[in-house]
Amino acid sequence: MNSKVRTRFAPSPTGHLHIGNARTAIINWIFAGHSGGSFVLRIEDTDVERSTPESEASILEDLRWLGLDWDEGPEKGGAFGPYRQSERSDLYLDHLEMLTQKDLAYPCYCLPEELEARRKAMLGKGDTTQYDKRCRDLTAAQIRKFVGEGRRPAFRFRADAEAVSFGDLVRGDIVFPGEQIGDFVIMKSDGTPMYNFACVVDDHLMGISHVIRGDDHISNTPRQILLYQALGWEPPVLAHIPMILGPDREKLSKRHGVTSVDQYRTLGYLPDALVNFLSLLSWSSESGEDILSRERLIREFDFNRISKSASIFNVEKLDWMNGMYIRQMEVRELARHLFPFLHQAGYPVRTAEEVEPMAVIFRAGMERLSDAVEKFRIFFAEFPVPESVEAAEVMQQEASRSIYKSFLSQMDGVRDLDRDAFQEIMKNIQQETGLKGKALWAPVRIALTGRVHGPDLPGVAEILGPEKCRKFAARALGA
RNA sequence: GUCCCCAUCGUCUAGAGGCCUAGGACUCAGGAUUUUCAUUCCUGCAACCGGGGUUCGAAUCCCCGUGGGGACGCCA
């Protein structure tokens with residue numbers, strides 16, 4: 001008996017990586033790390049209609065961006081491949097054969113339209129909508145007739161259990177009445193396997209020890225348990241984690257707006273913050289702390305600390321957390337993260353290095369990386385434009401004009417304008433004009449940045465440099 | 001409709017019978033620091049869905065309601 005922990009994340013490539021799936025991936029990744037096991041990535045592309053290579057590529061990219069590296073899977077290989085279900089057809093066919101041999105699966109010639117009509121009728125009567133088993137025991141003649149009509153069969157599992165129960169790591173024992181489970185399709189008429197079937201075959205063959213997935217899969221589980229039993233296999237340990245809901249308390253979906261990982265990346269969220277935040281939905285550290293490094297997440301993870309109830313995605317807390325990560329990050333690294341946003345905004349930045357000083361003075365007020373576009377504008381504008389009536393008014397005041405004159409004369413001949421030099425100049429202006437505090441600083445800030453508020457002014461002036469400072473002050477006087 | 005799951009501040013949560021006049025975090029309000037804003041720090045507002053049990057004692061255990069969610073596909 002191999003006791004090594006193996007978890008898996010099995011997305012279907014039918015769109016971008018969704019925030020809810022990302023959370024599932026995170027827990028799987030964390031638990032594998034926690035147990036010293038392996039994290040397997042498997043692509044469930046059995047839906048020929050909706051699966052696309054582009055989606056697969058984007059999901060892989062998002063996973064990598066989140067830092068959820070997989071030990072086995074596409075582009076990585078491994079001893080249990082292939083890792084795309086579309087490349088494992090033979091396996092499903094073989095196991096279907098095993099089931100039909102044992103008469104646990106049978107061909108069903110019903111057409112989708114026929115099934116749909118019957119399902120509607122059942123729903124109208126208020127019954128459980130499940131297959132009426134009419135193809136269960138077809139005679140050879142009946143089969144010939146269907147084949148003659150050109151029908152290709154799907155295969156259904158013969159579900160006769162009285163009840164199905166299974167243990168769940170977060171919920172304990174769950175029991176489903178057998179009559180609730182109809183004869184479900186395991187192989188489509190086009191020869192591709194259905195989710196429940198492929199999932200069971202692959203999880204077993206890939207040696208998956210723990211299946212950790214969203215609790216919307218709970219009602220699938222009894223069907224899968226039946227398949228494990230039919231195939232003579234031991235089911236893996238199951239853990240159904242609560243779902244993430246939108247603000248309206250419904251399953252998070254596209255109509256809730258921003259729900260995919262790539263959108264959060266574009267908006268300026270850090271992967272560390274997103275991973276930390278998502279891991280805290282339905283899970284909490286024993287210490288009660290919120291800011292947790294990946295190392296701590298991995299070390300402190302415990303299924304006993306996963307709550308059973310669904311949680312609502314609360315962007316405000318993510319914003320706060322992202323700000324915390326921005327503030328605690330090394331400046332060099334922050335600048336590297338900021339660079340693409342500034343570059344894309346059209347600012348003439350050449351290297352991440354030249355962004356560092358700006359990052360230093362503005363980081364305290366940032367929640368998202370993209371905030372830098374707006375905040376850093378003052379460093380790239382040809383001239384600062386007063387951004388409010390208040391600013392414009394202050395600039396016109398007589399007291400401000402005397403400050404600007406004094407500032408200009410103080411700046412005469414200044415070549416290096418570091419913080420201390422600027423501080424010195426301000427002190428001199430204070431003596432010259434008799435103005436101090438806000439009355440002194442606000443006009444200067446407005447002249448240099450066009451704004452009433454902003455970070456520490458000496459720092460701003462240092463980055464602007466003496467040339468611009470002179471130019472802007474003169475402009476303020478002339479305006 | 002049927003089945004399954006869930007239920008503590010607005011939100012994320014702590015709580016595994018007495019440590020609970022229910023703790024923390026986000027948000028919000030007020031204050032301190034500061035040339036402004038922000039950061040940081042301090043203070044405050046704010047919750048055990050309802051009803052029955054069990055028990056000396058229940059947010060915690062049981063039952064029934066109610067509410068919410070999920071599933072019921074030749075989707076995953």
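If you're wondering where the values come from, they're calculated on a predicted model, not measured in any experiment. Order of the sequence lines sets the chain letters (A, B, ...), proteins ahead of strands, with each chain counted from 1.
Counting to the nearest Å, the C1' atom of B:rA38 and the CH2 atom of A:Trp441 are 16 Å from each other.
Among the protein residues, A:Arg305 comes within range of the sugar-phosphate backbone only, with heavy atoms under 4.0 Å from sugar or phosphate atoms but none that close to a base. Within 4.0 Å (heavy atoms only), A:Arg445 reaches at least one base atom of the nucleic acid. Among the protein residues, A:Val175 comes within range of the sugar-phosphate backbone only, with heavy atoms under 4.0 Å from sugar or phosphate atoms but none that close to a base. The residue A:Asn196 sits apart from the nucleic acid: no heavy atom pair falls under 4.0 Å. Among the protein residues, A:Ile218 comes within range of the sugar-phosphate backbone only, with heavy atoms under 4.0 Å from sugar or phosphate atoms but none that close to a base. Using a 4.0 Å heavy-atom cutoff across all strands shown, A:Lys436 reaches no nucleic acid atom at all. Among the atoms of the strands shown, none is found under 4.0 Å from any heavy atom of A:His240. If you check every strand for non-hydrogen atoms under 4.0 Å, A:Thr14 touches nothing. No engagement by A:Cys199 is indicated, since no non-hydrogen atom pair under 4.0 Å with the nucleic acid exists. Here A:Glu250 lies in heavy-atom contact (under 4.0 Å) with sugar-phosphate atoms only. At a threshold of 4.0 angstrom between heavy atoms, the contacts of A:Ser311 are confined to the sugar-phosphate backbone, with no base atom among them.
Remark: B:rU43 base-pairs with B:rA29; criterion is Watson-Crick or G-U wobble with both hydrogen-bond distances under 3.5 Å. Within the shown strands, nothing qualifies as a pairing partner of B:rA14 under the Watson-Crick or G-U definition with both distances less than 3.5 Å. In a base pair of the Watson-Crick type (N1 to N3 plus N6-O4 or O6-N4) or a G-U wobble (N1-O2 and O6-N3), with each distance short of 3.5 Å, B:rC3 is matched with B:rG70.
Residue A:Arg249 places no side-chain N or O under 4.0 Å from the OP1 or OP2 atom of B:rG67.
Heavy-atom distances to RNA chain B give each of A:Glu44 and A:Val170 a nearest nucleotide, and the one nearer the 5′ end belongs to A:Val170.
At a cut-off of 3.5 Å, with distance as the only test, no side-chain donor of A:Tyr195 or A:Asp47 sits close to an acceptor on the other residue.
Here the side chain of A:Arg223 is nearest to one of B:rC75, B:rG70, B:rA71, namely B:rA71.
Under the side-chain contact (heavy atoms from CB on, under 4.5 Å) criterion, A:Glu114 pairs with A:Cys110, A:Leu111, A:Arg118, A:Arg151, not counting sequence neighbours.
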